[in-house]
Amino acid sequence: MSESDPNPMDIDYVSNLARIELTKEEREKFQHQLGDVLQYFEKLKEVDVDGVEPTAHAFPRFNVWDEDQAKEPFSVKQAIQNAPQSRNSQIVVPKVVED
Amino acid sequence: MSNATIISKTAVELSHSLSEKELSSQEVAQAYLEQIDRVDPQVHAFLHRDDDDFLAQANASDKRRAEGNTLGPLDGIPVAIKDVISVQGQPLTAASKILENYISPYDATVIRKLKDAGAVIGGRLNLDEFAMGSSTENSAYGPTRNPWDFNRVPGGSSGGSSAAVAAREAPLTLGSDTGGSIRQPASLCGVVGVKPTYGMVSRYGLAAFASSLDQIGPFSQTVEDAALLLETISGHDPLDSTSFPTEVPQYSAALRDPLTPCTLGLPKEFFGEGIDDEVRKAIDQTIEFYRSLGHKIVEISLPTTDLAVPVYYVIATAEASSNLARYDGIRYTSRSEQSENAINVYAKSRGEGFGEEVKRRCILGAYGLSSGYYDAYYLKAQKTRTLIREDFSRVFKEVDVILTPTAPTPAFKFGEKSNDPISMYLSDIFTISTNLAGLPALSVPCGFTNSGLPIGMQLIGQAFEESSLLSIAHAYDREHRFGCQSPNI
Amino acid sequence: MKFEAVIGLEVHVQLDTKSKMFTRVPCGFGKPPNSLTDAVVLGLPGALPVMNREAIDKSIKVGLLLGCKIAPVCKWDRKNYFYPDMPKNYQITQFDQPICEGGEVEIELPGDSPAVMGEHRMVKLTRIHLEEDVGKLTHYENDSLVDYNRAGSPLLEIVSEPDMYSPEETFSFLTSLRNSLIYAGISSCDMEKGQLRCDANISVRPVGTKTLGTKVELKNLNTISGVKNGVEYEIKRQIKAIEEKEEIVQETRRWNPDQRYTTPMRSKEMAHDYRYFPDPDLMPVKIDQAWIDGIAKQVPEKPFDKQRRYMSELNLPYSITSALCPDFSLCQYFELVASLTKDPKKVGNWVVNDLLRELSNANSETNPIPVEESPVTPQHLAELVDLIDQGVISNNVAKELFPEMFSSGKSASELVQEKGLEVKSDQGEIESICARAIENDPDAAQKFRDGKEGAINALKGFVMKETRGQANPKVVDTMLRNLLSN
Ligand SMILES: [Mg+2]
Ligand SMILES: [Zn+2]
């Protein structure tokens, strides 16, 4: 990204939103690279999409559901088998800062 | 039968040998394990193997056969799996450090279907981390090499899947394609790769990159093999709400029907600058071949072509930023030792656990959805995606399939594009728009450069018309069988 | 200056379904930790959501019950934020196309006394949407534990307009809403089990002004009285702040029910940029008129409508209806007994006074036992009322009998027979006791003869006492008057 870019990405804000801690080097590199990518995305601005419906699904359908019938769940062992840390059949997380 | 003979066979040939009792599945499995032992230290297609399990499955297949209970043509045939598809009891790393210790507690639907068909599920294949990349350089566990030239990339993101077939480490593999991740590596490794219509193959059990674009598909030496594997894994799945409720035609049987003359479209936007001369020449020869078979060749226009890459990167990264939020160091992913509280356990685990490209895309995707930018990026891209779909719908009123090069160049060298995201993104320029439109497409090997690098052509079909797409591809492939040529390794 | 509060509520209600919102793992409360999960609940790589039709049916039912506009098409969005109780770090919810819009909840404000009906008013709703619940965190000194049993359960978010003006109104709103939801079989709304949870948006403004003040979001209102107390505290806090010229900050505060005050929470940690976008894994829902019509047939009479009907058609007094109507099961019980007998008012009295008393006395641990499990069945109560009517037993005997019926589970006729409690109408025996009564209390007899009508009661009391209440009161009355007129 060049210094003159009027609308640079606030990389600290966005990396915090994405919960990704960046090293100083990554931060600088990304700032530059993503600036270029956004520049490249400028093409989109010129497209006239007046009255065009957005595509969320390539082949949209409606009402894709199941009936309410309970099936066998995972065993507790299966549920926590990959946990980095567990206790009393629960997953341990560092203290949640509540307030 | 020698191991060299066994591994040179296509899946259809192996299947024939098994049913004629010329071979046992055990012998087939052994032959592949030996080939993997021999070549994989250099190719590095595999991230994980479970040889005992592999041989046990082969044994079980032989037992079924002896008892007359063979499950179908794939019974006893090895299929290796991109390390992004869940197999119960096996690791799934997505080539990421963050999933280093994860063992999947369940089977993907495609795996269940393969097991039901008696296939012998092989090891875990390398990829660009979370399928983000076009070179397999973005693997936390080291790159895969192109079997045709170890200094070059196999393409990506399913580089392990394409290289494994090219290096005869497996007759069949599964990959996933979000913007070309099956077709581009198939092209660069000289094998067949198919991206089905969105919704034809269940995504249940595929670690999502971009949910509205991802599809699982087969790699093989021939179109015939791909048809066999595709018909086995296709079909409606109630566990995937985007799976389409439609009958799966017997593709491999349909290949035997005579091909009626059809119309092939050449989009002029795909044949502009930037295409390597040798690629161009090879494609011209395929066009001549089809003409010689009596098919009609017409020029068409897809005016939205140059919008596909930006639209794709806005949508794919946005979806990815959300899909990859679950890899957070809490339930099953590696947790940073540096974290002291629930807030920085995320940022630190993800900062340490993700590679550069994944971080870059998650940040870009979060940006495109963030407050104040949603309309300009995500919503705009979704609307432009509609225009791209409409382009294809219009063109398909005139033609049966679209023919293009799969990639603008043959396999490139390691490091050539890895520091320039945009040039890497542009290597998918011919494949991306099909994912945006949800259409089926495949890459068929169509020759080699003078230096011996494979070249692939892409055929794009109409939605849910895999049958005719495969038939048209087969018409070329059965005469040329470039995918059956092996690299000298 | 006088201030008024303006309050809006966001109520989360867990739907009663067998399986979760987006996977068919069972829903449940009080199960061993992490025993109600699967790949979808845990957000494992490759897991995909499939919606639960029953949850949509139930949401439409709530919409019809509350007079909402049912969306012809609604869709699913992802709300992205990181929190350990949320497995995927996004919540599947409905952002800009909720399943229901508008609607209202009828509330009743407290009357002048419990026997007097209070004022009724409609509180407007903004919207109702469907989403998935999160898991449960338990905090310890050095860390927290996560149980995902609740994660993914279907959750309805009911959002009111800022259309309530006092803690009493919020209390009435929640009570009324809860009653309606239980009526319709949507949810058990057990706040102790977290099946109904409430956040409040509160602001204050000088009386007479129209613009809204700065609003504060109040969380952790986990009991109905907690809502009232929390809202009350927060209103006072805001008024005091304004009077002391402090600025009200737009923030989220937590109600601490034990210490009874509110404190600001997670201001910086929670970025409120949720990056909503349509969930690509789920298809939208299209709701046509036929579907709505089918569900409309299952929508029950609303509690206040029932109450008005009981008062006008059955002639029940307000005090009885106000005890019956909030409780759907009690009303069902009442209606069954009433249909088997002649006098609904008497039945109402029995249900509201005697049955409710026994139910709450017979509490298991802390909760009254549910009326469905009452040992006195509707048939038993109907028989008891009939026995009084036919003069087989007196009202007094019946009153004494009821607790025994409740504790033994026996019918009134069984007990009457066992104990020989039939009313005595034997003329000879009653006549001699009446005569003794007059002998025993000549004063009372004289007063009656002198025209003091009430004096006969003392004589009747003597007779009833002597017969242990088993004399037929009508016979006693006639007999005494006969004897006294001689
Ligand atoms: Mg809310
Ligand atoms: Zn909510």
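For clarity, every value in this text was computed on a predicted model and none was experimentally measured.
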| request: Please state whether the side chain, the backbone, both or neither of P84(C) comes within less than 4.5 Å of a heavy atom of chain A. | output: side chain

| note | Minimal heavy-atom distance between Q90(A) and D147(C), with the atoms involved, is OE1-CB, 3.4 Å

| said: Just verifying a value: how many Å separate F59(A) CZ and M283(C) CE, rounded to the nearest 0.5 Å? | reply: 10.0 Å

| chain C heavy atoms under 4.5 Å from I91(A): which part of the residue, side chain, backbone, both or neither? | both

| field | Stacked cation flag R87(A) on Y140(C), 6.0 angstrom / 45 deg | value | yes

| message | I'd like to check V64(A) versus L282(C) (side-chain heavy atoms, cut-off strictly below 4.5 Å). Are they in contact? | response | no

| task | Write down the atom of V76(A), the atom of P33(C), and the distance for their closest heavy-atom approach. | result | CG2-O, 3.7 Å

| query | With a cut-off of 6.0 Å (strictly less than), are more than 12 heavy atoms of other residues, nucleotides or ligands near NZ of K286(C)? | reply | no

| remark: Checked K18(C), E54(C), R24(C) vs chain A; the most non-hydrogen pairs under 4.5 Å come from R24(C)

| request: Please say whether more than 12 non-hydrogen atoms of neighbouring residues, nucleotides or ligands are located less than 6.0 Å from CD in E42(A). | output: yes

| Engaged part of N89(C) at the chain A interface, taking heavy atoms whose separation is under 4.5 Å | neither

| request: Counting only heavy atoms closer than 4.5 Å, note whether A18(A) contacts chain C via side chain, backbone, both or neither. | output: backbone

| field | Separation of N63(A) CG from I287(C) CD1 (nearest 0.5 Å) | value | 8.0 Å

| request: With the side chain counted from C-beta on, respond yes when V92(A) and L145(C) share a heavy-atom pair under 4.5 Å apart, and no when they do not. | output: yes

| Between V25(C) and F74(A), does a side-chain contact (heavy atoms from CB on, under 4.5 Å) hold up when you go through it step by step? | CA-CA 9 Å; V25(C) 164; F74(A) 274 179; over 6 Å; no

| Tell me, side chain or backbone of V285(C) under 4.5 Å from chain A's heavy atoms, or both, or neither? | both

| note | Turns out that what part of V41(C) lies under 4.5 Å from chain A's heavy atoms comes down to neither

| remark: Of M51(C), E141(C), R253(C), K20(C), the largest count of non-hydrogen pairs under 4.5 angstrom with chain A goes to M51(C)

| Which portion of E67(A) sits near chain C, non-hydrogen atoms under 4.5 angstrom | both

| query | Is it true that atom NZ of K215(C) has more than 12 heavy atoms of other residues, nucleotides or ligands lying nearer than 6.0 Å? | reply | no

| query | Do NZ/NE/NH1/NH2 and the carboxylate oxygens of K71(A) and D38(C) come within less than 4.0 Å? | reply | no

| said: Is it true that, when you exclude R260(C) itself, more than 12 heavy atoms of the residues, nucleotides or ligands shown sit nearer than 6.0 Å to its CZ? | reply: no

| request: Under the side chain to side chain donor-acceptor pair (under 3.5 Å) rule, what do T17(C) and D68(A) come out as? Steps first, then yes or no, please. | output: CA-CA 7 Å; T17(C) 53; D68(A) 182 29; 4.6 Å; no

| note | Honestly, the part of W76(C) sitting under 4.5 Å from a heavy atom of chain A is neither

| When rounded to the nearest 0.5 angstrom, what is the spacing between OG1 in T37(C) and CD in Q78(A)? | 8.0 Å

| query | Which atoms of A39(C) come close to chain A, meaning under 4.5 Å heavy atom to heavy atom: side chain ones, backbone ones, both, or neither? | reply | both

| message | How close do A56(A) and P278(C) get, counting heavy atoms only, and between which atoms? | response | CB-CB, 4.5 Å

| message | Under a 4.0 Å threshold between the charged nitrogen and the carboxylate oxygen, would R53(C) count as salt-bridged to D66(A)? | response | no

| Choice from P284(C), P32(C), G135(C), P49(C) maximising heavy atom contacts with chain A below 4.5 Å | P284(C)

| message | Can you tell me if Q259(C) has over 12 outside heavy atoms packed within less than 6.0 Å of its CD? | response | yes

| Okay, side chain of N34(C), backbone of S89(A): is any donor-acceptor separation there less than 3.5 Å? | yes

| query | Does any heavy atom of chain C fall under 4.5 Å from the side chain of N82(A), the backbone, both, or neither of them? | reply | neither

| query | Are any non-hydrogen side-chain atoms of S144(C) and V93(A) less than 4.5 angstrom apart? | reply | yes

| field | CH2 on W65(A) to CD1 on I56(C), rounded to 0.5 Å | value | 6.0 Å

| field | Reported NZ-to-NE2 distance for the pair K95(A) and H139(C), which is rounded to 0.5 angstrom | value | 6.5 Å

